[in-house]
Participant: 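Take this structure, written in structure tokens, and hold onto it; I'll ask about it next.
The first residue in the sequence is number 1, and the count goes up from there.
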Amino acid sequence: KISFAFYLPIWFIFVSYHLWRIRPTVIHACNFEGFFPAYCYSVFTRAPVVFDLWDALIGRFPVTSRGLADVLRRIDRFCFNHSSTALVPDPERFEQVGIPTKAVSPKWEVVYNSDTVARTDQKLSFKGKTPITVAYVGVMSNGIRGLEQIIGLARSNILKRYHFVIAGY
């Protein structure tokens, strides 16, 4: 199995190439792997970078060493501190990367992924026979985000009207 660290430099080169080709005036960079090439580009062009932390590095890898955990938190904090503005889907992300609530900058915003009053216990009903597409796009990892349940539903063919699209890394 080839690790994330192997592909990261290749990804940085790919993103950097496209940034220089497209020459954006504002960059929306998601997570560290999007922020690093965006930040390098912005150093030369002064393009503002909006850092969007969907997944903190500390939460994406099994970390057993306190030293490694500190390094991963510092990397994410660097992204916050060197962005023009930053977005998180939940205020707990700040704490996850070691930013206490009192240290949250006014230029950082919480943009929730879903309505905070949404009820997940309601049954959804769709009238008609139109196919429904369910998409999962994100980290492909065991035990997170209900991916196994989505794959199980897709395999079971119980939901014949549903079309499942699964993509990620």
Participant: Any side-chain heavy atom of H82 within less than 4.5 Å of one from F51?
Facilitator: no
Participant: Report whether I13 and V15 are members of the same hydrophobic cluster (ILVMFWY, side-chain heavy atoms less than 4.5 Å apart, transitive linking).
Facilitator: no
Participant: For the residue pair V111 and V88, establish whether any side-chain heavy-atom pair is separated by less than 4.5 Å.
Facilitator: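 No, their side chains stay 4.5 Å or more apart.
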Participant: Shared ILVMFWY cluster between W20 and F14, side chains joined below 4.5 angstrom?
Facilitator: yes
Participant: What pair of heavy atoms forms the shortest contact from T85 to S83, and how long is it?
Facilitator: O-OG, 3.1 Å
Participant: Does V63 have any side chain to side chain contact (heavy atoms under 4.5 Å, CB included) partners at least two apart in sequence or in another chain, and if so, which?
Facilitator: I58, F61, L68, A69, L72
Participant: Between I99 and V71, is there shared hydrophobic-cluster membership here, with clusters defined by ILVMFWY side-chain heavy atoms closer than 4.5 Å?
Facilitator: yes
Participant: Find out whether L53 and N31 are in side-chain contact, i.e. whether some heavy atom of one side chain is under 4.5 Å from a heavy atom of the other.
Facilitator: yes
Participant: With rounding to the nearest 0.5 angstrom, report the CG to CD distance, L57 to E33.
Facilitator: 7.0 Å
Participant: With rounding to the nearest 0.5 Å, note down the distance linking CZ in R93 to CZ in F80.
Facilitator: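 That separation rounds to 9.0 Å.
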Participant: Taking all non-hydrogen atoms of both residues into account, name the closest pair between A29 and A38 and its distance.
Facilitator: CB-CB, 3.9 Å
Participant: Rounded at 0.5 Å granularity, tell me how far CG in D90 sits from CH2 in W54.
Facilitator: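 Rounded to the nearest 0.5 Å, the CG-CH2 separation comes out at 15.5 Å.
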Participant: Might you point out which heavy atoms bring P48 and T25 nearest each other, and give the distance in Å?
Facilitator: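 P48 and T25 have their closest heavy atoms at CD-O, 3.0 Å.
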Participant: Going by the rule side chain to side chain contact (heavy atoms under 4.5 Å, CB included), which residues pair with F36 if we only count those two or more places apart in sequence or in a different chain?
Facilitator: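 So F36 forms a side chain to side chain contact (heavy atoms under 4.5 Å, CB included) with F12, F32, C40.
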Participant: Return the CD1 to OG distance between I27 and S84, rounded to the nearest 0.5 Å.
Facilitator: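 The OG atom of S84 is 9.0 Å from CD1 of I27, to the nearest 0.5 Å.
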Participant: At their closest point, which heavy atom of V97 faces which heavy atom of R73, and how far apart are they?
Facilitator: O-CB, 3.6 Å
Participant: Would a hydrophobic clustering, with Ile, Leu, Val, Met, Phe, Trp and Tyr connected at side-chain separations under 4.5 Å, put Y39 with Y17?
Facilitator: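 Not linked; separate clusters.
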Participant: Do other residues, nucleotides or ligands put more than 12 heavy atoms under 6.0 Å from R66 CZ?
Facilitator: no
Participant: To the closest 0.5 Å, what do you measure between CG (L8) and CD1 (I10)?
Facilitator: 9.5 Å
Participant: Would you say T101 and E95 are linked by a side-chain donor-acceptor pair, where the criterion is simply a distance under 3.5 Å?
Facilitator: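 There is such a pair (donor and acceptor under 3.5 Å, judged by atom type) between the side chains of E95 and T101.
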Participant: Would you give the length of the straight line joining atom CD1 of I22 to atom OH of Y41, rounded to the nearest 0.5 angstrom?
Facilitator: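 With rounding to 0.5 Å, CD1 (I22) is 9.0 Å from OH (Y41).
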Participant: Which heavy atom of P37 sits nearest to which heavy atom of S16, and what is that distance?
Facilitator: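 Nearest heavy atoms, P37 then S16: CB-OG, 3.4 Å.
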